[in-house]
Amino acid sequence: MAFDWQVFCKETTSGDIIAGCIGHGRDSTYLDWLFTAWGWTLSVSALALVVALVFGSLMGILRTTPNPWFVRLGNAWTELFRNIPLLVQIFLWYHVLPDIFLSLRALPSFVLVVFALGFFTSARISEQVRAGIQALPQGQRHAGLALGLTLPQTYRHVLLPMAYRIVIPPLTSESMNIIKNSSVAFAVSIAELTMYALQAGEETARNVEMYLAVTVLYFISAFAVNRVAHVIENRLRVPGMIGGK
């Protein structure tokens, strides 16, 4: 089977090959479209990761507090979002919730996907943050309180800085997973990489080239996150702890 990589230099409407493979003016090549789709994938992933870290950290903290109501709230959040398939949650946000909460109709599908993917991932991050906090010796919490810190201050200045160092490896995996899971956004017509591969493959009849290009970009994105997280982990490693120097 011969590969036709020139397909990426073709203009998306006329099919003419454009020199340099980059469109000019109104012209847009399949390579232009590929990089635009990559941008949508990275945008959805980055914003969803922010949502996941905020809500996942909050719920993980609540699950380790002495207040039983906070613990129940954190547990309920975690069990709700991790036990419903991601694709179903995408459809709920897109088709169901806007009919219940009319204000959501004004939001673009991009925002709805960010919340769906972010909340889904937050349930997993909640487990990791909870485990990180509970892995610390109880004496650290008691020491913070004994020094006159309030419970929120103890979390902020004593427990969380150490807990986040412990959970960097699983957070790295979640950051990589969120890039891969963003592919479900094609189900609600977000023009990300998977949608690009489907449509461009149908238009050009060059499915192999399109899916290979998309696969490479997914790999590059996830591998870049892995390397950045590895550097961060090495810089923040605590001497004397597991994996520390």
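This chain uses plain numbering: 1 for the first residue, then up along the sequence. Only heavy atoms go into these numbers, but all of them, side chains included; no hydrogens, no water, no symmetry mates. Remember, it's a predicted structure, so these values are computed and weren't measured experimentally.
Side-chain atoms of Asn234 and His230 include a donor-acceptor pair closer than 3.5 Å. Side chain to side chain, Arg124 and Gln128 fail the donor-acceptor criterion of an N or O pair below 3.5 Å. A donor atom on one side chain and an acceptor atom on the other are found under 3.5 Å apart for Thr78 and Ser126. A donor and an acceptor atom, one from each side chain of Thr41 and Tyr196, are nowhere located under 3.5 Å apart.
Counting heavy atoms of neighbouring residues, nucleotides and ligands inside a 6.0 Å radius, atom CZ of Arg72 exceeds 12 of them. Atom CZ of Arg227 is surrounded by more than 12 heavy atoms from other residues, nucleotides or ligands within 6.0 Å.
Between the CG atom of Asn177 and the OG atom of Ser45 there is a distance of 11.0 Å, given to the nearest 0.5 Å. Distance NZ/Lys180 to OG/Ser221: 11.5 Å, rounded to 0.5 Å. Taking CZ of Phe91 as the start and OH of Tyr94 as the end, the distance is 10.0 Å to the nearest 0.5 Å. Within the model, atoms OH of Tyr218 and CG of Leu193 stand 4.5 Å from one another, a figure rounded to the nearest 0.5 Å.
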Residues Phe219, Val214; criterion side chain to side chain contact (heavy atoms under 4.5 Å, CB included); working and verdict: CA-CA 9 Å; Phe219 173 81; Val214 165; over 6 Å; no
Full working for side chain to side chain contact (heavy atoms under 4.5 Å, CB included) between Arg141 and Val158: CA-CA 7 Å; Arg141 183 194 301 257; Val158 179; over 6 Å; no
Test log, rule side chain to side chain contact (heavy atoms under 4.5 Å, CB included), inputs Thr64 and Tyr155: CA-CA 10 Å; Thr64 62; Tyr155 273 97; 2.8 Å; yes
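Classified by interplanar angle (parallel below 30°, tilted 30° to 60°, perpendicular above 60°), the ring pair Phe115/Trp93 is parallel.
The backbone N or O of Leu80 sits nowhere less than 3.5 Å from a side-chain atom of Asn83 that would complete a donor-acceptor pair. In this structure, Asn226 contributes its side chain and Ala222 its backbone to no donor-acceptor pair below 3.5 Å. The backbone N or O of Leu86 sits nowhere less than 3.5 Å from a side-chain atom of Gln89 that would complete a donor-acceptor pair. A distance-only check finds no donor-acceptor pair linking the side chain of Thr121 to the backbone of Gly118 [under 3.5 Å]. Although no hydrogens or angles enter the test, the distance criterion places a donor-acceptor pair under 3.5 Å between the side chain of Glu192 and the main chain of Met195.
When side chains are defined from C-beta on, Val51 counts as touching Val114, because their heavy atoms get closer than 4.5 Å. Side-chain contact between Ser182 and Leu117 is present, with heavy atoms from C-beta onward closer than 4.5 Å. In this structure the side chain of Leu217 reaches within 4.5 angstrom of the side chain of Leu34, judged on heavy atoms. Inter-residue side-chain proximity for Phe120 and Ile178 is flagged as unmet; no heavy-atom pair is nearer than 4.5 Å. Using a 4.5 Å cut-off on side-chain heavy atoms (C-beta onward), Leu73 and Trp77 make no contact. For the pair Phe101/Leu104, a side-chain contact is recorded, criterion being any heavy-atom separation below 4.5 Å from C-beta on. The closest side-chain heavy-atom distance from Ile166 to Leu136 is below 4.5 Å. Counting only heavy atoms from C-beta outward, the side chains of Met210 and Thr204 approach each other to under 4.5 Å.
The distance between the ring centers of Trp40 and Phe110 falls below 6.0 angstrom. Aromatic rings of Phe81 and Phe119 (six-membered ring for Trp) have centroids within the 6.0 Å cut-off, being under it.
Hydrophobic clustering (ILVMFWY, side-chain heavy atoms < 4.5 Å, transitive): Leu160 and Val167 are in one cluster. Leu159 is connected to Val54 through a chain of hydrophobic side-chain contacts under 4.5 Å among Ile, Leu, Val, Met, Phe, Trp and Tyr, so both are in one cluster. When the side chains of ILVMFWY residues are joined at heavy-atom separations under 4.5 Å, either directly or via intervening members, Val129 and Val71 end up in two distinct hydrophobic clusters. Phe186 and Trp38 are members of different hydrophobic clusters when ILVMFWY side chains are connected at heavy-atom separations under 4.5 Å.
Scanning both residues, Val44 and Ile190, for their nearest heavy atoms gives CG2-CG2, 4.5 Å. Residue Leu151 comes nearest to Pro66 through the heavy atom pair CD2-CD, 3.8 Å, listed as atom of the first residue, atom of the second, then distance. Counting all heavy atoms, side chain and backbone alike, Ile133 lies closest to Gly60 at CD1-O, 4.4 Å. Between Gly132 and Ala163, the closest heavy-atom pair is C-CB, 3.7 Å. Between Leu145 and Leu149, the shortest heavy-atom distance links the atoms CD2-O, 3.5 Å. The two atoms that bring Ser57 and Ile125 nearest to each other are N-CG2, 4.2 Å, heavy atoms only.
For Glu79, the salt bridge (Lys or Arg N to Asp or Glu O under 4.0 Å) partners at least two apart in sequence or on another chain are Arg82. Among residues two or more places apart in sequence or in another chain, the side chain to side chain donor-acceptor pair (under 3.5 Å) test is passed with Asn75 by Arg63.
The stretch residues 106-118 participates, sequence neighbours left out, in no salt bridge (Lys or Arg N to Asp or Glu O under 4.0 Å) pair at all.
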